[in-house]
Student: 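Handing you this structure, nothing more for now.
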Amino acid sequence: MTFADAAAYDAFMGRYSVLLAPQLAELARVADGQRALDVGCGTGALTGELVARLGASSVAAVDPSASFVESVRDRHPGVDVRQAGAERLPFADDSFDTALAQLVVHFMTDPVGGLAEMSRVTRPGGAVAACVWDHAGGHGPLSAFWNAARDLDGSVEDESALAGTREGHLAALMTAAGLGGIEERALTVAVEHPSFEGWWEPFTLGVGPAGAYVAGLSDEGRAALRERCREVLPDAPFVLTARAWAARGVARIEVEPRSA
């Protein structure tokens with residue numbers, strides 16, 4: 001499984017994530033004058049939205065992939081982009097007004113630890129926001145693909161067991177990470193696919209668990225999956241609507257001690 005190729009990721013998930021970014025920024029209540037951190041920035045869909053709202057000098061971003069870091073630096077000059085994972089953010093306490101993670105909590109090695117780190121670098125009372133596709137509920141952008149794969153092989157392991165992919169789980173993770181004032185919301189995007197081939201091709205680029213699954217098939221297995229996907233999808237052009245679970249928490253709320 002890889003997330004290293006920026007162009008491949010853009011073709012695979014960028015067409016969805018660029019539509020999700022404004023909604024996550026709204027949930028986090030990103031506002032002029034703030035300083036924001038994009039955790040797991042990928043190729044910069046959310047980074048670009050934050051730059052548009054705050055200006056490049058007020059945005060920082062991290063990603064564990066060196067190629068993604070370089071891509072975001074090229075696309076968004078002036079943004080402080082660093083190579084790092086969510087679990088060890090290279091920033092001091094209280095560095096940001098808000099920290100956001102779009103489509104990354106489910107790939108964190110330690111989701112609770114990653115969210116706690118996001119809280120650490122956010123000022124007390126600032127917002128920590130995240131979203132993850134509804135893989136468990138069958139309404140993510142990859143649902144048709146995984147349904148087709150299971151039709152051919154009932155033992156297929158999809159992404160439905162990953163962190164945050166089911167309703168309420170992001171909120172539970174944020175609670176475990178010490179965040180308060182948690183709000184939950186479902187975010188939706190609709191993407192038009194002009195052709196079946198345009199929809200299918202990104203799955204052959206090796207991106208993420210779905211790409212890794214396709215790469216591991218035989219030529220015959222890949223052809224069978226391709227045709228099964230064609231059968232379960234509407235005739236082109238078609239629109240796929242995808243849902244993401246999202247949550248917003250407040251970093252390090254000070255609790256007043258009770259009087260005796």
Side-chain angles (χ1 to χ4, degrees), residues 1 3 9 12-14 16-21 23-28 30 36-47 49-50 60-65 68 72 83-89 91 96 98-122 126-137 139-143 157-189 207-210 242-252:
M1 181 177 71
F3 290 100
Y9 182 85
F12 180 65
M13 194 52 63
Y16 297 94
S17 59
V18 72
L19 300 177
L20 200 58
Q23 298 181 63
L24 184 60
E26 287 295 318
L27 177 62
V30 173
L37 173 65
D38 181 1
V39 176
C41 61
T43 58
L46 178 59
T47 309
E49 181 65 26
L50 296 174
V62 298
D63 198 277
S65 166
F68 282 1
V72 174
Q83 185 175 358
E87 295 81 1
R88 291 190 67 181
L89 295 173
F91 302 101
F96 303 95
T98 183
L100 306 91
Q102 177 168 287
L103 307 178
V104 68
V105 169
H106 54 318
F107 292 124
M108 289 180 183
T109 303
D110 177 4
V112 172
L115 290 166
E117 268 288 272
M118 291 172 67
S119 178
R120 178 186 67 78
V121 302
T122 302
V128 173
C131 64
V132 178
W133 292 123
D134 179 22
H135 293 307
H139 295 286
L142 308 181
S143 294
E157 293 186 11
D158 58 18
E159 298 170 63
S160 60
L162 297 178
T165 62
R166 57 192 179 276
E167 186 174 8
H169 196 223
L170 268 179
L173 293 170
M174 286 188 173
T175 298
L179 293 157
I182 296 170
E183 306 172 29
E184 293 182 89
R185 188 177 303 172
L187 311 178
T188 60
V189 301
V207 179
R243 179 170 67 191
W245 299 121
R248 176 190 186 275
V250 180
R252 292 172 295 144

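If you're wondering where the values come from, they're calculated on a predicted model, not measured in any experiment.
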Student: Which heavy atom in Ile182 sits nearest to a heavy atom in Leu179, and how many Å separate them?
Tutor: CD1-O, 3.9 Å
Student: Is atom CD of Glu183 surrounded by more than 12 heavy atoms (other residues, nucleotides or ligands) closer than 6.0 Å?
Tutor: yes
Student: To the nearest 0.5 angstrom, please state how far the CG atom of Asp38 sits from the OG1 atom of Thr98.
Tutor: 10.5 Å
Student: Which pair of heavy atoms, one from Ala177 and one from Ala116, lies closest together, and at what distance?
Tutor: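 For Ala177 versus Ala116, the nearest heavy atoms are CB-N, 3.7 Å.
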Student: Going through the checks in order, is the side chain to side chain contact (heavy atoms under 4.5 Å, CB included) test met by Thr188 and His139?
Tutor: CA-CA 9 Å; Thr188 60; His139 295 286; over 6 Å; no
Student: Of all residues at least two apart in sequence or in a different chain, which pass the side chain to side chain contact (heavy atoms under 4.5 Å, CB included) check with Arg120?
Tutor: Leu89, Asp93, Glu117
Student: Which pairs would a plain distance check flag for residues 102-111, meaning a side-chain donor or acceptor within less than 3.5 Å of a matching protein atom at least two apart in sequence or in another chain?
Tutor:
{"residue": "Gln102", "atom": "OE1", "partner": "Ala21", "partner atom": "N", "Å": "3.3"}
{"residue": "Gln102", "atom": "NE2", "partner": "Ser17", "partner atom": "O", "Å": "3.1"}
{"residue": "Asp110", "atom": "OD1", "partner": "Val112", "partner atom": "N", "Å": "3.4"}
{"residue": "Asp110", "atom": "OD1", "partner": "Gly113", "partner atom": "N", "Å": "3.0"}

Student: Let's go through Leu142 and Glu159 carefully: what are the C-alpha distance in whole Å and the side-chain angles of both, what is the deciding distance for side chain to side chain contact (heavy atoms under 4.5 Å, CB included) to 0.1 Å, and is it a yes or a no?
Tutor: CA-CA 9 Å; Leu142 308 181; Glu159 298 170 63; 3.2 Å; yes
Student: Using the side chain to side chain contact (heavy atoms under 4.5 Å, CB included) criterion, which residues pair with Ala60? Sequence neighbours excluded.
Tutor: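 Expected list: Arg35, Leu37, Asp80, Phe91, Phe96.
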Student: Name every donor-acceptor pair, under 3.5 Å, that has one atom in a side chain of residues 167-175 and the other anywhere in the protein, sequence neighbours excluded.
Tutor:
{"residue": "His169", "atom": "ND1", "partner": "Gly164", "partner atom": "N", "Å": "2.9"}
{"residue": "His169", "atom": "NE2", "partner": "Arg166", "partner atom": "NH2", "Å": "3.4"}
{"residue": "Thr175", "atom": "OG1", "partner": "Ala171", "partner atom": "O", "Å": "3.0"}

Student: My understanding is that only residues two or more places apart in sequence, or in another chain, count here; which of them pass side chain to side chain contact (heavy atoms under 4.5 Å, CB included) with Val250?
Tutor: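 Scan of Val250 (side chain to side chain contact (heavy atoms under 4.5 Å, CB included), adjacent residues dropped) gives Arg248, Ile253.
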Student: Quick check: closest heavy atoms across Ala242 and Gly140, and the distance to 0.1 Å?
Tutor: CB-C, 4.0 Å
Student: Which residues pass the salt bridge (Lys or Arg N to Asp or Glu O under 4.0 Å) test with Glu26, not counting sequence neighbours?
Tutor: Arg53
Student: Kindly give the heavy-atom pair with the smallest separation between Gly42 and Asp63, and that separation in Å.
Tutor: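 Closest pair (atom of Gly42, atom of Asp63, distance): N-OD2, 2.8 Å.
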Student: Do Gln83 side-chain atoms and Pro64 backbone N/O form a donor-acceptor pair below 3.5 Å?
Tutor: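 Yes: the side chain of Gln83 pairs with the backbone of Pro64.
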Student: Would you name the heavy atoms of Cys41 and Val72 that are closest together and state the gap between them?
Tutor: SG-CG2, 3.9 Å
Student: Check Leu20 against Cys131 and note the closest heavy-atom contact, atom names and distance.
Tutor: CD2-SG, 3.7 Å
Student: Nearest 0.5 Å, please: how far is OG1 in Thr122 from CG in Leu100?
Tutor: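 If I round to the nearest 0.5 Å, the distance is 8.5 Å.
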Student: Going through the distances and angles, do Asp134 and Trp245 end up as a side chain to side chain contact (heavy atoms under 4.5 Å, CB included)?
Tutor: CA-CA 6 Å; Asp134 179 22; Trp245 299 121; 2.9 Å; yes
